[in-house]
Amino acid sequence: MTVRVRIAPSPTGNLHIGTARTAVFNWLYAHRHGGQFILRIEDTDVERSKAEYTQNILDGLKWLGLNWDEGPFAQSDRLELYRQGIQKLLDNKLAYRCYTSSVELDELRATQEARGAAPRYDNRHRNLTPEQEAEFVAAGRQPVIRFKIDDQREISWIDAVRGKVSWQGSDLGGDMVIARAAQDGAGQNSVGQPLYNLAVVIDDIDMKITQVIRGEDHIANTAKQILLYEGLGVTIPEFSHTPLILSPAGKKLSKRDGVTSIWDFKDMGYVAGALTNYMTLLGWSAPDAQEIFSLDEAAAQFSFDRVNKAGAKFDWDKLNWVNSQYLHKMTPEELLPELIPFWEAAGYKVDADRSWLLRLATLIGPSLETLKGGFEERTGLTTQGGVEISRTFFTANPTLGEEATAQLGQDGVKDILTSLQTALAEMSEIDEDGAKGLLDRVTKERGVKKGVVMRSLRAALTGEVNGPDLIQSLILLHQRNLALPRLQAALAV
RNA sequence: GCCCCCAUCGUCUAGAGGCCUAGGACACCUCGUUUUCACUGAGGCAACAGGGAUUCGAAUUCCCUUGGGGGUACCA
């Protein structure tokens, strides 16, 4: 039987890191087994679902390289299918109409809570007589459809990551609602919007899903869904409940944690490959302990028996390291197009010719942790990034840092800079040998240590005492006619 | 509250009874390299939650305790 898996996000927000990670595991499993990866949009909650989020999720999955084989299917296009399923359950007396009002339900829960008992529906309308039903209808009540759950029933399944998981029917909260109340004025036999558990099961059956791979937060739903599979008389798929990604504080990652949308990560300068790589590492490990791998490489070795059971805390340090590995591995030609949007977003005028830009990418590439860098308020971390490191190459006049000012103020430094300026003024172009020669000449001429010359030059050119290779920096700056003005400006201090 | 799940260095993890004086990675520290920072190389620090039981032998099996997470909707 061919493997068929699915990712089923609900479009109630931008693509979330948790959803993306579930998508990664599904993708890996599908590709490991030469199966199909299906995308289904679960938009049965019309209140919260928005088309823009659907688009956002599609774009995000594409950006991450998590291409799907079928879909996207929208549950809102499949309502008739769910209606048929509900009808079948009704016909087989496995489901019934429940007229309990929300006020009555609230009261019920309040009493249960007061008793210290678990809130649950008491199945009060499970066996209504036709007369009782007629009374509720006459009173204008719109029923929900509830699926019968046998309290005595023990539900268990073999989970691909957890082994045997069992659930008692009585812990499922009573007969479950599978369809909302129909709109007022709808016919007596109409049913309202289907609810999550019903729609999922109907779809997974219809789409011939062979393994359901989803987050651990769905375990309780699985018990309910197994009952629905049985009620519908079909084969139950295999389930794999993956550990959750926890916030650094150890809680389920929520919107409150600031950075949860995949786009937040993109904006901060993380690349897609690093993100999927890191998400894979959060819960799975390769047999050979390899940590940097492409999706394809991971897929070749992926299996659920190497997926951890415990939740994994999200760690920015490790993500930064993984991202840096990807950035360092990229050629300047690959890196440049990634860098340009960030430079432009930072307001840099990216009008230099391509060879100059490539040279800059070559220079800063090995230092990069992210494409952006600097202090991120959302994470509280500072990273070495492309915007930060290359700032001095794009801004007209660097502001002198404290240490740079101190360096420039030292005895003899002005003389050194004057010599450098004079010599450089006669060189319209400068290459590596030329730059080295220049520094050697000035060092000899001034009778100082080379380090002093270099530190002074760096301070004058960049306003900093630290930074990427000085020779290369000088060459790049001089090509853009920025070196001489900066020496001039430094002399004027 | 109730139900379910989980538990190895600060973090992600390897480990499926003897190969474990517990391995790797990130972070951190030291040294080398570098004018500097970063990269990179070498080294270091650092954990089997606690208690019972089984066994010749337990990080690995079982039980209890503790701790953590998830769930408990006419959300998904």
Side-chain angles (χ1 to χ4, degrees), chain A residues 8-13 19 42-45 47-49 75 98 100-102 105 109 112-113 115-121 142-146 159 162 165-168 170-173 176-181 192-197 199-200 214-223 241 243-244 246 248 250-252 278 281-292 305-306 308-322 324 328 364-369 384 389 403 407 439 449-459 462 464-471:
Chain A
S10 64
T12 54
T19 308
E42 309 218 319
D43 55 354
T44 51
D45 186 344
E47 300 270 307
R48 297 198 300 150
S49 298
Q75 290 191 322
C98 165
T100 316
S101 71
S102 52
L105 283 174
R109 280 191 205 106
Q112 286 165 336
E113 210 166 309
R115 275 209 322 269
R120 68 194 311 273
Y121 176 63
Q142 283 290 356
V144 300
I145 310 295
R146 280 186 191 268
D159 196 283
R162 272 147 224 287
V165 180
S166 327
W167 218 277
Q168 196 59 39
S170 53
D171 293 323
L172 256 21
M176 72 164 155
V177 179
I178 55 174
R180 292 187 175 91
Q193 292 278 329
L195 252 21
Y196 171 75
N197 280 307
V200 165
R214 64 194 2 170
E216 191 188 355
D217 49 343
H218 280 288
I219 289 191
N221 286 326
T222 298
H241 288 95
L244 263 22
L246 273 20
K251 304 281 180 196
K252 181 178 170 180
Y278 180 64
L281 237 30
L282 233 36
W284 181 79
S285 58
D288 60 0
Q290 188 179 343
E291 294 207 300
I292 301 297
D305 53 20
R306 292 192 69 83
N308 230 52
K309 294 185 188 73
K313 286 183 191 148
F314 190 92
D315 182 32
W316 287 101
D317 284 329
K318 185 88 179 214
L319 204 220
N320 286 336
W321 176 76
V322 172
S324 75
H328 298 171
I364 67 173
S367 307
L368 297 181
E369 242 174 333
Q384 289 276 336
I389 299 176
E403 291 167 292
Q407 176 66 32
L439 290 175
K449 283 190 182 167
K450 199 169 168 188
V452 177
V453 176
M454 297 186 93
R455 279 195 295 276
S456 304
L457 179 58
R458 178 184 295 285
T462 69
E464 300 287 340
V465 291
N466 298 327
D469 186 83
L470 182 62
I471 301 290

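From a predicted model like this one, the values you see are computed outputs, not experimental measurements.
Rounded to a whole angstrom, the distance from the C1' atom of B:G57 to that of B:C19 is 14 Å. Taking the C1' atoms as reference points, B:A59 lies 13 Å from B:G23, given to the whole Å. B:C45 and B:G24: their P atoms are spaced 11 Å apart (whole Å). Taking atom P on both B:C6 and B:A49, the two are 15 Å apart, rounded to the nearest angstrom. B:G52 and B:U60 have their P atoms separated by 14 Å, with the value rounded to a whole Å. For B:C48 and B:G15, the C1' atoms lie 10 Å apart once the distance is rounded to whole Å. Comparing B:U61 with B:G71, their C1' atoms sit 29 Å apart, to the nearest whole Å. With both ends at atom C1', the span from B:U8 to B:A16 equals 14 Å, rounded to whole Å.
Of all nucleotides present, none satisfies the Watson-Crick or G-U wobble test against B:U35 with each distance under 3.5 Å. Taking a pair to require two hydrogen-bonding distances under 3.5 Å in either a Watson-Crick or a G-U wobble arrangement, B:C2 pairs with B:G71.
Of the listed nucleotides (B:U72, B:C74, B:A76), B:U72 has the atom at the smallest distance from the side chain of A:Pro119. Of all nucleotides listed (B:C12, B:C2, B:C74), B:C12 comes nearest to the side chain of A:Leu282. Proximity note for A:Lys252 (side chain, C-beta onward) versus B:A38, B:G70, B:A76: the nearest is B:G70. In this structure, the nucleotide among B:C2, B:A27, B:C3 sitting nearest to the side chain of A:Asp317 is B:A27. Distances were taken from every side-chain heavy atom of A:Arg109 (C-beta onward) to each of B:C74, B:U11, B:A76; the shortest belongs to B:C74. In this structure, the nucleotide among B:G69, B:C74, B:A7 sitting nearest to the side chain of A:Val144 is B:C74. The side chain of A:His328 lies closest to B:C39 when the candidates are B:C39, B:A76, B:A25. If you check B:C5, B:A25, B:A76 against the side chain of A:Glu216, the one that comes closest is B:C5. Distance from the side chain of A:Arg458 is smallest to B:U35 among B:A73, B:C26, B:U35. Checking B:C39, B:G69, B:C12 against every side-chain atom of A:Lys313, the shortest atom distance belongs to B:C12.
Checking the phosphate oxygens (OP1, OP2) of B:A27, no side-chain nitrogen or oxygen of A:Asn320 falls inside 4.0 Å. Within the structure, a side-chain polar atom (N or O) of A:Ser285 is placed less than 4.0 Å from OP1 or OP2 of B:A14. Close to B:G15, at under 4.0 Å from its OP1 or OP2, lies a side-chain N or O of A:Arg306. Side-chain nitrogen and oxygen atoms of A:Thr44 include at least one within less than 4.0 Å of the OP1 or OP2 phosphate oxygen of B:A76.
A donor-acceptor distance shorter than 3.5 angstrom exists from the side chain of A:Arg458 to the backbone of A:Pro468, with no hydrogens or angles considered. Using a distance-only test at 3.5 Å, with no hydrogens or angles considered, a donor-acceptor pair links the side chain of A:Tyr278 to the main chain of A:Asp315.
Side-chain to base pairing of A:Arg162 with B:C5: no donor and acceptor N or O lie closer than 3.5 Å to each other. For A:Asn466 against B:A38, a side-chain-to-base donor-acceptor contact under 3.5 Å is absent. One cannot find a donor-acceptor pair under 3.5 Å joining the base of B:A7 and the side-chain atoms of A:Lys309.
If you check every strand for non-hydrogen atoms under 4.0 Å, A:Leu281 touches sugar and phosphate atoms only. Residue contacts for A:Glu291: at a heavy-atom cut-off of 4.0 Å it reaches a base atom on one of the strands shown.
The NZ atom of A:Lys313 sits 12.0 Å away from atom CG of A:Leu282, with the distance rounded to the nearest 0.5 Å. Atom CG of A:Asn320 is separated from atom CG of A:Leu368 by 12.0 Å, given to the nearest 0.5 angstrom. With rounding to the nearest 0.5 Å, the separation of CD1 in A:Ile292 from NE2 in A:His328 is 11.0 Å. Rounding to the nearest 0.5 Å gives a distance of 9.5 Å between CD of A:Glu47 and CD of A:Gln193.
Rounded to whole Å, the distance from CZ on A:Arg214 to C1' on B:C5 is 15 Å. Rounded to an integer number of Å, the gap from A:Asp469 CG to B:U35 P is 9 Å.
Between A:Pro243 and A:Arg162 the shortest heavy-atom distance is N-NH2, 3.8 Å.
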